[in-house]
Colleague: 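Got a structure here, written out as structure tokens. Questions coming.
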Amino acid sequence: MLDSLISVVGESDIDGALLYTDGMHSIAQPSYLEYVAGVTPIADQNGLFVSSDGDVIFLVDLLRDVGRIKRHTGINDVRGVSSIRTELLPILEEHGIGSLGIAGKDRMDRRTYSELADGVETVISIEDRLFELTRGKDTAEREIFRKLARIADAGFEAAYEAVRPGIMEYELAAEVEQAMRSAGATDNFNLFSTGTDNQLMHAPRDRIVQQGDVLLCELSPMYRGRILQICRTIAIGTPDEQLTAKYALLREAMARTKQRLTPGVEASTIATTMNEVFRDAGYAEYCKPPYMRTRGHEFGVGPIGMSITEETETELQDGMVLVVHPNQYIPETGYLALGDPLIVTENGVTTLTRTDARLFTKEVI
Amino acid sequence: MKSREPVITRGRDEWDQVNMPPEAFRQRVTQVRDRMADVNIDAMLVYGRGDRDGHLCYLTNLINKVPNWGSLAIITPESEVLLYERSSRTQPVIERSTWIETVESCDSIAERSATRLEELNEQIKTIGTIGFDAMTYSQSTAFENACADYEVRDSDAVLWELRKTKTDQELDQLRRSARINTEILDVLQEEIDSTVSEAEIETKADYLARLRGAQDFRMLLSNPAQTESDLRPAESHTVRETDVVVLYLATRFEGYWSELIRPVRFDGRVPDESALAEAELVYDDFVQSLRTGSTPNEVRTRLETAVSGTDLSIDSTYALGNGIGLGIEEPPAIQSSKAKFSNDMTLAVRVPLRWDDDRLLIIGDTIAMGAETPAVLTH
């Protein structure tokens with residue numbers, strides 16, 4: 001990806017590029033620097049500078065991290081600095097940067113950005129360009145997502161094995177986390193909810209799982225700056241007919257959606273197809289906020305990119321990685337969850353994970 | 001100490017108001033209002049994103065679970081405390097974790113806060129801001145534009161002063177956080193008896209922390225047999241039971257952080273007896289020098305004198321420590337602070353040394369300053 005960035009800079013209207021991060025990792029914010037440089041930042045200030053003639057300089061405000069960054073990125077010029085702002089301006093001047101492309105502006109504090117902007121003629125966001133580079137996944141990228149899928153499957157398997165009446169949500173999360181880390185995840189954004197009338201999915205808490213509960217899992221492993229996601233529902237004990245019947249709506253929504261997806265189709269098709277199933281069943285009111293916001297997400301530069309609604313005009317293209325989730329609030333049962341990660345192929349979509357798309361039942365003896 | 005931050009905060013007690021009793025909340029708000037009156041600030045805005053500094057948690061008991069979502073509390077002399085946050089989906093759960101009665105979701109916290117200040121009938125001219133260093137560029141720009149007519153003063157020092165010493169409840173929470181680190185190290189030393197990978201050690205340690213309800217857990221290690229010797233996140237490299245690694249463990253429990261750093265050899269043998277013996281003597285003397293009323297300069301000077309009589313050297317890449325509590329790095333910074341240590345301060349202390357072939361040897365603990373000797377919480 002570093003070579004791709006160098007190409008972007010060399011071929012475009014900018015004299016140099018700066019990728020910046022404050023070391024926070026968020027499922028909802030792209031991680032351009034990690035994605036391009038191939039190293040997980042831990043310092044408060046991390047900046048990767050690339051000039052149009054191919055000079056690459058990595059600035060980090062944590063001296064002890066210099067060796068690790070060099071080793072991971074292969075970049076020779078890695079500098080431990082006390083302030084990226086004061087170190088970067090002379091670099092920009094030395095390289096004659098008039099037009100600076102930037103990704104990660106919103107991670108900067110106001111003073112840093114202001115002084116950078118004052119030090120060059122123009123600042124242009126290159127976030128969209130970087131995102132486009134990642135859209136069609138190459139072979140290596142696809143292998144990373146396949147690994148993430150295996151991690152997600154391992155996580156759900158662990159959740160199914162571990163859940164039982166008497167376990168607390170956070171204990172369950174610990175079991176699942178261990179399984180996912182053992183499978184290779186470097187971090188996990190996992191949500192668990194248990195109860196008989198779940199109102200939303202949330203980070204695990206100290207509620208004790210009970211017989212008759214419905215467990216909602218949203219498992220999102222992270223690996224090398226990428227994220228994938230799977231959503232499932234487990235009934236603790238035999239589900240009643242109503243739960244089974246309502247969950248069938250989610251399965252129908254998923255199956256119907258997958259059938260309609262091919263390259264060239266607008267992503268809105270995902271939302272309109274799923275909403276069609278729920279509206280036909282009388283749940284139109286619950287297909288909009290506050291009950292439902294998106295029917296899926298694209299995974300691009302690390303975490304979540306495009307969110308999928310009925311207004312999303314982006315066309316699917318070969319190599320795109322998405323999660324599609326007909327997660328749905330249903331008054332009679334509470335929230336139910338089902339979500340699969342897909343990769344768009346030449347002819348349609350392939351589900352990356354192996355976990356069955358069904359309502360799971362954990363019988364407890 | 002700086003380490004990889006998690007993508008979500010999770011733990012035993014996500015929405016547990018018990019972490020901060022209502023009387024603690026009321027007392028803290030009163031203290032802030034008193035400080036505001038002292039310095040003629042009409043409204044105090046406390047921001048939190050990623051919760052590195054712990055200011056918002058100190059005031060509201062709220063920890064942003066998702067790092068990029070900011071929240072902001074407004075305190076004025078007369079009106080109730082208000083809280084603005086970004087995700088309407090989690091508003092119900094936020095309401096259950098804080099004693100603040102009015103919690104509102106909005107897209108732009110900065111703009112909504114500015115609007116609310118106008119709506120309040122309290123003659124606001126001067127605003128104090130706390131935690132605004134963490135504000136995203138777009139939000140800080142929106143705030144500056146929306147509050148252009150007010151005098152705005154950085155007021156971080158107000159909360160740092162209030163947080164400098166810990167209450168009995170806070171000390172108890174820190175002790176329990178510290179105990180988790182100690183237990184994890186004990187288990188790792190007992191159970192690891194063959195070659196493992198760094199990632200396996202971290203997975204095990206993280207699992208132990210989570211089972212005990214930790215909200216956050218961080219591990220760094222120095223494994224000079226495999227890579228550069230500096231402390232870094234775990235990778236896939238192997239650790240043999242005879243290797244000497246330095247393990248850094250940090251746990252957050254009920255909001256409170258603790259750290260523990262030890263050189264470890266998993267076969268149970270003491271890592272290089274002579275160097276460690278010297279380091280331990282230096283370290284013990286360092287900890288004993290941390291007395292109420294002493295200054296960081298006195299402590300540093302004494303450490304330098306102690307080390308000069310050994311075959312060790314101080315690695316200045318690493319600081320000697322800092323305050324610890326709701327933030328993993330609070331004032332005072334022992335390396336640079338001039339203020340005296342005071343009773344009931346809690347510190348993450350460390351002595352970073354190099355020996356022999358430039359190998360790293362760090363010992364560190366979480367301590368609570370006392371009237372006489374400091375109490376090591378992570379023993």
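Protein chains get the first letters and strands the later ones, always in sequence-line order, with residue 1 at the start of each. Every value quoted in this text rests on a predicted model; they were computed, and no experiment measured them.
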Colleague: Is chain B contacted by the side chain of A:Gln199, its backbone, both, or neither, given a heavy-atom distance below 4.5 Å?
Modeller: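 For A:Gln199, no heavy atom lies under 4.5 Å from chain B.
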Colleague: Salt-bridged, A:Glu171 to B:Arg212, with N to O below 4.0 Å?
Modeller: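 Salt bridge flag = no for B:Arg212 with A:Glu171.
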Colleague: Is the number of heavy atoms from other residues, nucleotides or ligands under 6.0 Å of B:Arg354 CZ greater than 12?
Modeller: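 Check passes, neighbour count above 12.
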Colleague: Which answer fits A:Ser182, side chain, backbone, both or neither, if we ask what part of it has an atom under 4.5 Å from a heavy atom of chain B?
Modeller: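 Both backbone and side chain of A:Ser182 come within 4.5 Å of chain B.
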Colleague: Could you please spell out the steps behind the side-chain contact (heavy atoms from CB on, under 4.5 Å) verdict for B:Met135 and A:Arg110?
Modeller: CA-CA 9 Å; B:Met135 201 173 257; A:Arg110 187 174 165 76; over 6 Å; no
Colleague: Run B:Val7 and A:Met24 through side-chain contact (heavy atoms from CB on, under 4.5 Å) and show every step you take.
Modeller: CA-CA 8 Å; B:Val7 71; A:Met24 287 192 197; over 6 Å; no
Colleague: I'd like to know which of A:Asp109, A:Asn190, A:Asn188, A:Thr186 tops the heavy-atom pair count under 4.5 Å against chain B.
Modeller: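 Winner by heavy-atom pair count: A:Asn188.
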Colleague: Is B:Tyr318 close to chain A through its backbone or its side chain, or both, or neither, when contacts mean heavy atoms under 4.5 Å?
Modeller: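 The side chain, not the backbone.
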Colleague: In terms of heavy-atom contacts, does CD of A:Glu157 have more than 12 from other residues, nucleotides or ligands at under 6.0 Å?
Modeller: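 No, the 6.0 Å shell around CD holds no more than 12 heavy atoms from other groups.
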Colleague: Could B:Asp315 and A:Arg64 be called an ion pair, given the rule that one side-chain N must be under 4.0 Å from one carboxylate O?
Modeller: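 Not counted as a salt bridge, because no side-chain N and carboxylate O are separated by less than 4.0 Å.
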Colleague: Tell me, with the steps shown, if A:Asp187 and B:Arg4 meet salt bridge (Lys or Arg N to Asp or Glu O under 4.0 Å).
Modeller: CA-CA 10 Å; A:Asp187 201 349; B:Arg4 190 190 191 284; 3.1 Å; yes
Colleague: Which is it for A:Arg107 and B:Thr136 under the side chain to side chain donor-acceptor pair (under 3.5 Å) test, yes or no, and what are the steps along the way?
Modeller: CA-CA 6 Å; A:Arg107 305 285 197 122; B:Thr136 62; over 6 Å; no
Colleague: Other residues, nucleotides and ligands only: do more than 12 of their heavy atoms fall within 6.0 Å of CG on A:Asp197?
Modeller: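 Yes, the 6.0 Å shell around CG holds more than 12 heavy atoms from other groups.
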Colleague: Check whether more than 12 heavy atoms from other residues, nucleotides or ligands sit under 6.0 Å from atom CG of B:Asp107, and answer yes or no.
Modeller: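 Open: at most 12 neighbouring heavy atoms sit under 6.0 Å from CG of B:Asp107.
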Colleague: Heavy-atom distances under 4.5 Å only: say whether A:Ala43 touches chain B with side chain, backbone, both or neither.
Modeller: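 It is the backbone, since no side chain atom gets that close.
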Colleague: Are A:Arg111 and B:Asp133 ion-paired here, with the side-chain N under 4.0 Å from a carboxylate O?
Modeller: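 Salt bridge absent between A:Arg111 and B:Asp133.
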Colleague: One thing to verify: whether B:Lys2 and A:Asp44 come together as a salt bridge, which I'm taking to mean a side-chain N less than 4.0 angstrom from a carboxylate O.
Modeller: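 Looking at B:Lys2 together with A:Asp44, the answer is yes, because their closest N to O distance falls below 4.0 Å.
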Colleague: Between B:Ser3 and chain A, with a heavy-atom cut-off of 4.5 Å, which part of the residue counts as in contact: side chain, backbone, both or neither?
Modeller: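 Looking at B:Ser3, just its backbone touches chain A.
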Colleague: Answer yes or no: is there an ion pair linking A:Glu177 with B:Arg210, defined by an N-O contact shorter than 4.0 Å?
Modeller: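 No, this pair does not count.
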Colleague: Taking side chain as everything from C-beta outward and backbone as N, CA, C, O, which of these in B:Leu220 sits under 4.5 Å from a heavy atom of chain A? Side chain, backbone, both or neither.
Modeller: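 Just its side chain gets close to chain A.
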Colleague: Does B:Glu5 reach the side chain of A:Ile42, with side-chain heavy atoms less than 4.5 Å apart?
Modeller: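 Answer no - side chains too far apart.
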Colleague: Looking at side-chain heavy atoms only, is the closest gap between B:Lys204 and A:Arg181 below 4.5 Å?
Modeller: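 Heavy-atom side-chain distance check fails, nothing below 4.5 Å.
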Colleague: Show the nearest heavy-atom pair for residues B:Leu211 and A:Ala174, with the distance to one decimal.
Modeller: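 Nearest heavy atoms, B:Leu211 then A:Ala174: CD2-CB, 3.8 Å.
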Colleague: With respect to chain A, which residue among B:Ala234, B:Ala199, B:Ser197, B:Pro233 yields the maximal number of heavy-atom pairs within a distance under 4.5 Å?
Modeller: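 It is B:Pro233.
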